[in-house]
Amino acid sequence: AQQLLADGHAYHCYCSKQELEEMRAEQMARKQKPRYDGRCRQRTEPVAGVAPVIRFRNPQQGQTVIHDLVHGDIIFDNAELDDLIIARSDGTPTYNFTVVVDDMDMRITHVIRGDDHINNTPRQINIFNALGVETPRYAHLPMILGPDGTKLSKRHGAVSVMQYRDDGFLPEAVLNYLVRLGWSHGDQEIFSREEMVALFDIADVNKSASAINPDKLLWLNQHYIKTGDPARLGAELGWHLARIGLEVTDAVKLAAVVRAQAERAKTFKDMALASRFFFEEFADYDAQAAAKNLNAETLPALRDMQARLTTLENWSAAAIHAALEACVAESGLKLGKVAQPLRVAVSGGTVSPPIDATLEILGREMTLLRLARAIDHVESAAGPI
RNA sequence: GCUCCCUUCGUCUAGAGGCCUAGGACGGAGCCCUCUCAAGGCUUAAACACCGGUUCGAAUCCGGUAGGGAGCGCCA
């Protein structure tokens, strides 16, 4: 600031805040752009008792052009720019001045920021020029808007990245989603981190603001749930289970649950909720589900399966499936008439992964316990049959 | 108000004058598959904001209009 003061690129201004406000109000009244009118530009004598601010002496003639990497040339008439304050009356520097000095000191080559900064750029370029420093390259990225197309705010949900983890999203999904906002590489939708790094080119960034589409983020998240490493994803599921009060340390089981639930969960939060029954006894049956599936009519099938599963040689999905088929063949029931009661017996509700996979993960002990509980439930409701 | 920016399906986007009867993706609809829920497969509806130019030819270039956004602090 002292340097600019010395070579005449800046000057002291003694105008009071009140004076400035009056000036602005007057200009607004005349439907002009509110701006400092440069009244202290020529002043040489200090005003007694007033601590001055330092203003940058902006060029009054000519144009300043931003060679923007995404917008192309953006031209401003210098006459539009007023003399901004670079140091407050207490001597501290202001934003537009500090960015320039900082960029200069750090030898910044590229300034990439939101396009809400476009209007600040010509001022900053003029300061660079006054300082005799080469300007960095500028790239102004389009804004990201909320799902309703209005400005992003706390009301639009997750503004902090950590919120996304809490909501059950994977970092690669969030990254993949974000990179496709305002940028594209042909028709490609899925990008690994390596691809993002290799393929990203500022030239492919587009100019218009984009609205967040939560459904697409969900879709990407599920894509990464389906294709990610089950061991790693199992740990993530464990984290979410812990959040709902379930401490699970069995990494093998967690990975198995992830594999089984991947195609029916869009977030880990949902997956954790839908997977509780794998890890803890459920409190009550879903009333409708129990009424429809745990009754006198389905009791024989439940008993039959109980017997078959008790004596099953190796507890695998394939073996369980074979037992199911055998039960179906002997009883003449449709597969669904056996599977669904089993599902309710074992999970408490109507939704779960395929029944054979579900039982395999649950294990023989838990399965048999819950089958007994279900048979009990039917008998106590209807009396012994 | 002034200055600047932006404008292709609901949304994210492809598209650099003829390849566009405008492509892909999410979401929607329908069908298929199926032990639930899903996932998956197939099919389908859906857009170049508007008006003028330039050109043999415009979503693509130019001008205007409309609409949206940002900035206009001793804030950052």
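Just so we're on the same page: letters track the sequence lines, and every chain starts at 1.
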Going through the checks in order, is the side-chain hydrogen bond (donor to acceptor under 3.5 Å, both in side chains) test met by Asn78(A) and Thr64(A)?
-> CA-CA 6 Å; Asn78(A) 284 329; Thr64(A) 297; 2.5 Å; yes
Taking only side-chain N and O atoms of [X], does any of them lie within less than 4.0 angstrom of OP1 or OP2 on [N]?
| X | N | value |
| --- | --- | --- |
| Ser184(A) | rA14(B) | yes |
| Lys334(A) | rU34(B) | no |
| Asn96(A) | rA76(B) | no |
| His71(A) | rC6(B) | yes |
| Lys207(A) | rC6(B) | yes |

Between [atom2] on [N] and [atom1] on [X], what's the gap in Å once rounded to a whole number?
| X | N | atom1 | atom2 | result |
| --- | --- | --- | --- | --- |
| Asp187(A) | rG24(B) | CG | P | 8 Å |
| Arg180(A) | rU11(B) | CZ | P | 15 Å |
| Asn221(A) | rG27(B) | CG | C1' | 16 Å |
| Lys17(A) | rG73(B) | NZ | C1' | 9 Å |
| Asn120(A) | rC5(B) | CG | P | 15 Å |
| Asp68(A) | rG71(B) | CG | C1' | 15 Å |
| Arg276(A) | rC37(B) | CZ | P | 23 Å |
| Leu342(A) | rC37(B) | CG | P | 17 Å |

Main-chain N/O of Glu189(A) paired to Asn176(A) side chain as donor or acceptor, under 3.5 Å =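 Present.
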Side chain Asp204(A), main chain His185(A), donor-acceptor under 3.5 Å | no
Considering only atom [atom1], compute the distance from [N] to [M] and round it to an integer number of Å.
| N | M | atom1 | answer |
| --- | --- | --- | --- |
| rA59(B) | rC74(B) | P | 49 Å |
| rG18(B) | rC9(B) | C1' | 24 Å |
| rG27(B) | rC19(B) | P | 31 Å |
| rC4(B) | rC48(B) | P | 29 Å |
| rA58(B) | rG53(B) | C1' | 12 Å |
| rG73(B) | rA47(B) | P | 44 Å |
| rU36(B) | rC20(B) | C1' | 45 Å |

Would you indicate which nucleotide in [options] comes nearest to any side-chain atom of [X]?
| X | options | answer |
| --- | --- | --- |
| Gln340(A) | rA25(B), rC12(B), rU36(B) | rU36(B) |
| Ile118(A) | rC35(B), rC5(B), rC12(B) | rC5(B) |
| Tyr95(A) | rU3(B), rA76(B), rA38(B) | rA76(B) |

What is the nucleic acid contact for [X], judged by heavy atoms within less than 4.0 Å: base, sugar-phosphate only, or nothing?
| X | result |
| --- | --- |
| Lys226(A) | sugar-phosphate |
| Lys266(A) | sugar-phosphate |
| Pro353(A) | base |
| Cys327(A) | nothing |
| Ser210(A) | sugar-phosphate |
| Arg30(A) | nothing |
| Gln222(A) | sugar-phosphate |
| Glu189(A) | base |
| Asp90(A) | nothing |

Any donor-acceptor pair under 3.5 Å between the side chain of Arg343(A) and the base of rC35(B)?
-> yes
Can you find a donor-acceptor pair, distance only, under 3.5 Å between Gln27(A) side chain and rG1(B) base?
->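 There is none.
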Would Ser347(A) and Ser352(A) count as a side-chain hydrogen bond (donor to acceptor under 3.5 Å, both in side chains) if you check the C-alpha gap in whole Å, the side-chain angles of each, and the deciding distance to 0.1 Å?
-> CA-CA 7 Å; Ser347(A) 75; Ser352(A) 90; 5.3 Å; no
[X] atom [atom1], over 12 foreign heavy atoms within 6.0 Å:
| X | atom1 | answer |
| --- | --- | --- |
| Lys253(A) | NZ | yes |
| Gln288(A) | CD | no |
| Arg41(A) | CZ | yes |

On RNA chain B, check which nucleotide each of Ala51(A) and Leu324(A) is closest to and give me the residue with the more 5' one.
->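 Nearest-nucleotide comparison on RNA chain B picks Leu324(A).
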For the pair Tyr164(A) and Phe169(A), name the ring-plane relationship: parallel under 30°, tilted 30 to 60°, perpendicular over 60°.
-> perpendicular
